[in-house]
Amino acid sequence: MSVKTLDVIRKRLEERPDELRRARENGLKVVGWVGYNVPEEIIHALGFIPVRIAIGGDDRLVEIGARYASSKTCVFIREIVGAFAENQDPYIQQTDILAFDATCLQNYRAAEVIEYFFKKDVVVLAVPRNFHLDEAKEYFAHEANEFTRLLEERAGAPLDSARLAESVALYNDIRKTLKSIYTFQASKDNVISWEEVYDLIQAGDLLDKREYLSLLTQTLDELKERQHHPVIASDDGDCRIFLSGSLIPRGDRKLIGIIRSVGGRIVGDDLWSGILPHLDLDIKEISPAGVALGYLNRTPHAALPYLDLESDRRLKKLQERLSEFKAQGVIYHTLRYCDPFTFKAKETKNVLAKSGIPLLEIHTEYAGSDYEAMKTRVEAFVEMIKIKSEIAEEQGVLVDA
Amino acid sequence: MSINGNYFAGVDVGSLAAKSVILKDGEIFATGLVPSGVNSVESGLNALNLALESAGLKQEDLTYIVGTGYGRVSAPYANKAVTEITCHAKGANYLHPTVRTIIDMGGQDCKAIRIDQDGAVVDFAMNDKCAAGTGRFLEVMAGVFKVELKDLGAIALSATDTVPMSSTCTVFAESETISLVARGEKPENILNGIHHSIANRIAGLFSRVGIESDVFFSGGVAKNSGMKSAIEQALKVTIVKPEIDPQLIGALGAAVIARNFSKKEGLWAA
Ligand SMILES: Nc1ncnc2c1ncn2[C@@H]1O[C@H](COP(=O)(O)OP(=O)(O)OP(=O)(O)O)[C@@H](O)[C@H]1O
Ligand code: SF4
Ligand SMILES: [Mg+2]
């Protein structure tokens, strides 16, 4: 039996583009944001409607995007550029202003290309490379103020501190509720799947934030009613997969579908299109700089370099989450020309190998032509994990009598 | 002839060839090998029937059938589908229990597989959707030089020099080869270069999974002596001499898994 609130959310998503259109007719402005460290609360507190532009999975748009962005640009950004060129996406159609950040330089490049070719009103937030240095934090605070100033100009009013506090409180509630819901998907006898939670997280990129919080609360109530004490543990024959690597935005369900189709069960992720951006966000001060620093202090995005493996908080976080969700293997998704994640595949694999967690890298793009080859790899990986746990249980069918 | 639950079959429908192995009492009893056609159900059945005929058996005599290879998804005759990676691992382990590393070179894929003492896969890597460095590529080269595929390796081994091949794409390599011929390079030296360039790509695949002895070479290309020697040089290893046709290893592994499944049906069912 499915979770009823999810049906409501699906319906609300269908209605959302029209709703945005009407809101704009009434004088509100929509800010489409693209990136990894865009402090959404600031956009929200200024009275804009924030919408995350993250779409993927459409090879045709990638081709169109390649007419404007170099063919060495990651497929995600090429698709975004293609989508702006085509201007058919209902959310892109409804954006008045665009906010990008420069966490990943490809994202920054997209801002330039979109501004130049499609004459969009674009605001960019600069992000320091050496994010852990004090000077970098100072710089970022300064950039966040500048980013806010540019948005204030467009809002025609200054940022109100009380409203920012309200937005931060609202977003904190959303993050907290999402985290509680997330536990349910990984539990034994789960009534909600990871895939459903993933779609639910992405619904939040688009829906009105207050309504979204109330829908999340409803979802959580429903889950609690049906499953009193979710315990994160394996069901019989589970093959518990953790998904990591380049983002998997709405529209791209190729890998996720393959994992399920070969008998894998996704029980967790650290994707920037998934739960990761909602974790560890601690806003200590209600100000543009305070919010922005809260964002930067999360587990850093892969485009921000850690030069020393030992101090790499990403790997530490990943390992913590693998054990929390009792994952048996990691599928590490890398998009073509997404260097931030592709370059880290090997070292992540080596680090995890030490704790006996296998990692499969799936390097792909949005064309469907590699479907079978991907399926063979994922299926073999799932078989490998299942056989390993069977052998561990000393009842392995592959052990000759 | 006893037909009481003693026969198990593996059918490996690859991109270029369909293979089958029937096991009886743990021994290889019959085998079949046919080229893959457009219809993978038919190709698999043809390979299976070939083995059944040579054994004097009917399909009903088989207790359990495992399908593998690209055609595993459309194998209505099989009780279960298992990937070729798992099957090659099991097949090599069955013949040579000391094997820990497998190179499978088939028609369109090249796989690097690491296994443990039980024949369970520990890690693997596959070339990315490109025919360069696979059987299909070598077939194209045999066509360019108008020689039999089975003689390709021996010709490469007779080389006195190695002409380096820079192209890694089938299409470009073909035209590069033609221009090397026009430049007066000897065919055997060019072929030698091609084999070494493929072997180096395979070494790249192993940089992801590592190598441990013993090393086994499976798939149809394993019958190419030039390729075997080039890989031995590139990986600095000695490849185990196969006890049976190495092209049948996937099907053999599938048959072994079929036997294990039937003993504990449902345990490992997805
Ligand atoms: N005697 C031989 N000498 C050299 N090469 C051979 C010989 N026989 C077959 N081959 C090669 O073996 C290849 C087919 O091998 P195999 O049957 O292992 O591939 P497959 O399983 O169909 O392909 P894949 O695993 O990529 O889907 C052919 O491309 C051919 O080049
Ligand atoms: S992190 Fe990867 S997918 Fe995201 S914008 Fe950068 S290159 Fe593209
Ligand atoms: Mg094969």
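Chain A is the first sequence line, chain B the second, and so forth, proteins listed ahead of strands; every chain is numbered from 1.
- Residue Leu360(A) touches chain B through its side chain alone, counting heavy-atom pairs closer than 4.5 Å.
- Note on Arg208(B) versus Glu361(A): no salt bridge recorded, every NZ/NE/NH1/NH2 to OD/OE distance being 4.0 Å or above.
- The 12-atom threshold is exceeded at NZ of Lys188(A), counting heavy atoms of other residues, nucleotides or ligands nearer than 6.0 Å.
- Under the 4.5 Å side-chain criterion, counting only non-hydrogen atoms from C-beta, Thr376(A) is in contact with Tyr70(B).
- By the 6.0 Å contact criterion, CZ on Arg109(A) is open, its count of non-hydrogen atoms from other residues, nucleotides or ligands being 12 or less.
- Between Lys349(A) and Asp123(B) the shortest side-chain heavy-atom distance falls below 4.5 Å.
- Remark: Phe343(A) CZ is loosely packed, at most 12 non-hydrogen atoms of other residues, nucleotides or ligands lying under 6.0 Å away.
- Taking each heavy atom of Phe124(B) and Arg377(A) in turn, the nearest pair found is CZ-O, 3.3 Å.
- At a 4.5 Å heavy-atom cutoff, the contact between Val122(B) and chain A is made by backbone atoms alone.
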TODO: Assess whether side chain to side chain donor-acceptor pair (under 3.5 Å) is satisfied between Thr83(B) and Glu379(A), documenting all intermediate values.
DONE: CA-CA 7 Å; Thr83(B) 64; Glu379(A) 194 171 345; over 6 Å; no
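- Proximity of Glu383(A) to Val121(B): side-chain heavy atoms (C-beta onward) are nowhere separated by under 4.5 Å.
- Closest approach of Ala380(A) and Ile85(B) over heavy atoms only: CB-CD1, 3.6 Å.
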